[in-house]
Enquirer: 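Shown below is the structure under consideration.
One-based numbering, in listed order, for ligands and for the atoms of each.
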Amino acid sequence: MFHFLLFLLSTVGTSAERCHPDDKAAILKFKNSFSNGPQLLPMWTSDRDCCDIFDCDQTTNRITDFSITYSDLAGTIPDAVGDLTYLQTLRLHKMPFLVGEIPRSVTRLKHVTFFDISWTNISGHVPPFLAELKSVMFIYLSYNNLSGPIPPSLATLPNMIGLDLSRNQLTGSIPESFGHLVSPALQGLSLSHNKLSGEIPTTVGNMKIYQIDVSRNSLSGDASMLFGASKGSSVIDISRNNFEFDFSQVSFMEDTLVTLDISHNNIYGKIPSQILKAFMLQFLNVSYNRLCGEIPSPWQLKYRSEGFDNSSFIHNRCLCGSPLAQCK
Ligand SMILES: *[C@@H]1O[C@H](CO)[C@@H](O)[C@H](O)[C@H]1NC(C)=O
Ligand SMILES: *[C@@H]1O[C@H](CO)[C@@H](O)[C@H](O)[C@H]1NC(C)=O
Ligand SMILES: *[C@@H]1O[C@H](CO)[C@@H](O)[C@H](O)[C@H]1NC(C)=O
Ligand SMILES: *[C@@H]1O[C@H](CO)[C@@H](O)[C@H](O)[C@H]1NC(C)=O
């Protein structure tokens, strides 16, 4: 009886393959486009149900999540990824031998919400056609070899929550369009570790954004528009640029600020005493600037009993007071 049941289950299993033929064709094309694909992906075969390998939607039986991580697949991203038209997640992560450009075929992924190609060696520009991915909420393209400017069109993505273009070779300035984002919900923007230059457009001050990281670029001029008591910022990292503005005038949202790093710029003026009320603050670094005056105290830090040591304040023009030397 037991054996009979097993037999029955296994026949039901094989006769009811869920995989859609278009998806099966796409993943086989994907595999075979890499010189080492057949060797590294021996399980992807035509007699295997692709819904056993990938997440498929319960009703449509279409692949919704195509994630490949920590893989030595060598070659370019094949056009066939664009044939997986029901994808919600595309993730190609930690693939050091993935090279070439992002193919235009990805614009066929009309349902994609999570678009992640990170820690690879893809190159070329951040393609402006990514703005055609109207469902996308997260674009992660960090740790690649992308160059050229940030496409202004990315600001038109209506549902974008997070954009991470950090650790590439991007040049040019932050587009003016980022001051007129269509998405009401952008929470995180990371452009760090690139070669961005020029001044931040003043309109970018319109952005209400939870986490912003533009560190390690060559940006210059004023960055005070990124601050403000009404912005709800949690992380502001503008370190290692050439910013030059008066820090005395900036304000913070006291209830939300957790990380503030302005180190290694040419920022002048005083540390505003309002910072003392940022009781969530856990990381502060204003070192290597041209600040002056007394370091405000006492701190009212709720989640960091010990305050900040002198490395947070060193190498300024004339900052003084604890934890640096007493003011004269
Ligand atoms: C890109 O390729 C270089 C040289 O092969 C390698 O050292 C590096 O780790 C690769 N980058 C990533 C992010 O995998
Ligand atoms: C990164 O891209 C540049 C061209 O933009 C190329 O010369 C360089 O070899 C690439 N680096 C790697 C590790 O692929
Ligand atoms: C602040 O930044 C400086 C310069 O990069 C560094 O030496 C110091 O350790 C940092 N301090 C903290 C608390 O991160
Ligand atoms: C910072 O503190 C360390 C150890 O407490 C001390 O050795 C150093 O001299 C101080 N540096 C400055 C600039 O106050």
Enquirer: Within a distance of under 4.0 Å, is there any protein heavy atom near atom 11 (N) of ligand 4?
Expert: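 Yes, there is one.
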Enquirer: Would you check the N or O atoms of Tyr288, main chain and side chain alike, for any that come under 3.5 Å of an N or O of ligand 3?
Expert: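 In this structure, Tyr288 places no N or O atom under 3.5 Å from an N or O of ligand 3.
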Enquirer: Is there a protein heavy atom less than 4.0 Å away from atom 4 (C) of ligand 4?
Expert: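 Given the 4.0 Å limit, the answer for atom 4 (C) of ligand 4 is no, no protein heavy atom qualifies.
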Enquirer: Polar-atom distance check: Asn285 versus ligand 3, any N or O pair below 3.5 Å?
Expert: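 It does: an N or O of Asn285 is found under 3.5 Å from an N or O of ligand 3.
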Enquirer: By number and element, which atoms of ligand 1 are closer than 4.0 Å to a non-hydrogen atom of Pro96?
Expert: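 Reading through ligand 1 atom by atom, the close ones are 14 (O).
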Enquirer: Determine whether the side chains of Tyr143 and Arg167 contain a donor N or O and an acceptor N or O closer than 3.5 Å.
Expert: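 There is such a pair (donor and acceptor under 3.5 Å, judged by atom type) between the side chains of Tyr143 and Arg167.
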Enquirer: Quick check on His315 - does any of its heavy atoms sit under 4.0 Å from an atom of ligand 3?
Expert: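 No, His315 has no heavy atom closer than 4.0 Å to ligand 3.
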Enquirer: Give the intermediate values and the outcome of disulfide (SG to SG under 2.5 Å) for residues Cys50 and Cys19.
Expert: CA-CA 5 Å; Cys50 66; Cys19 185; 1.9 Å; yes
Enquirer: Just heavy atoms, cut-off under 4.0 Å: does Ser311 contact ligand 3 by side chain, backbone, both, or neither?
Expert: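 Ser311 to ligand 3: contacts from backbone and side chain alike.
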Enquirer: Could you work out, for atom 8 (C) of ligand 1, the closest of Leu98, Val99, Asn121 by heavy-atom distance?
Expert: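 Nearest heavy atom to atom 8 (C) of ligand 1 lies in Asn121.
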Enquirer: Within the side chain of Asp79, is there an N or O that forms a donor-acceptor pair under 3.5 Å with the backbone of Ser105?
Expert: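 Answer holds: no.
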Enquirer: Using a strict cut-off of less than 4.0 Å between a Lys/Arg side-chain nitrogen and an Asp/Glu carboxylate oxygen, indicate whether Glu244 and Arg290 qualify as a salt bridge.
Expert: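 Yes, Glu244 and Arg290 are salt-bridged.
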Enquirer: With heavy-atom distances below 4.0 Å as the criterion, list the atoms of ligand 1 near Tyr143.
Expert: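 Numbered from 1, ligand 1 contributes 13 (C).
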Enquirer: Considering non-hydrogen atoms of the protein only, which is the closest contact for atom 6 (C) of ligand 4, and what is the distance?
Expert: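 Closest protein heavy atom to atom 6 (C) of ligand 4: Asn310 ND2, 4.1 Å.
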Enquirer: Parallel, tilted or perpendicular, judged at 30° and 60°: which one describes the rings of Phe247 and Phe227?
Expert: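 Correct class here is perpendicular.
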Enquirer: Asn241 side chain to Leu219 main-chain N or O, any donor-acceptor pair under 3.5 Å?
Expert: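 Yes; judged by distance alone, with no hydrogens or angles, the pair exists.
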Enquirer: Looking at Trp44, is Lys31 sitting on its ring face, NZ or CZ under 6.0 Å from the six-membered ring centre and within 45 degrees of the normal?
Expert: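 Pair Lys31/Trp44 does not count as cation-pi.
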Enquirer: Tell me, please: is Phe308 in heavy-atom contact with ligand 3, that is, under 4.0 Å?
Expert: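 In this structure, Phe308 fails to qualify as a contact of ligand 3 - no heavy atom is under 4.0 Å.
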Enquirer: Which atoms of ligand 3 have any heavy atom of Phe283 under 4.0 Å away?
Expert: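 What qualifies from ligand 3 is 14 (O).
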Enquirer: What atoms of ligand 3 come closer than 4.0 angstrom to any heavy atom of Ser312?
Expert: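 Heavy-atom distances to Ser312 below 4.0 Å select 13 (C).
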Enquirer: Is any NZ, NE, NH1 or NH2 atom of the basic residue among Lys24 and Glu17 found under 4.0 Å from an Asp or Glu carboxylate oxygen of the other?
Expert: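 Result for this pair is yes, salt bridge flagged.
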Enquirer: Within the protein, is there a heavy atom lying under 4.0 Å from atom 14 (O) of ligand 4?
Expert: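 Flag for atom 14 (O) of ligand 4 set to true, protein heavy atom closer than 4.0 Å.
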Enquirer: Can a donor-acceptor pair be found, under 3.5 Å and without considering hydrogens, that links the side chain of Thr60 to the backbone of Arg62?
Expert: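 Yes; judged by distance alone, with no hydrogens or angles, the pair exists.
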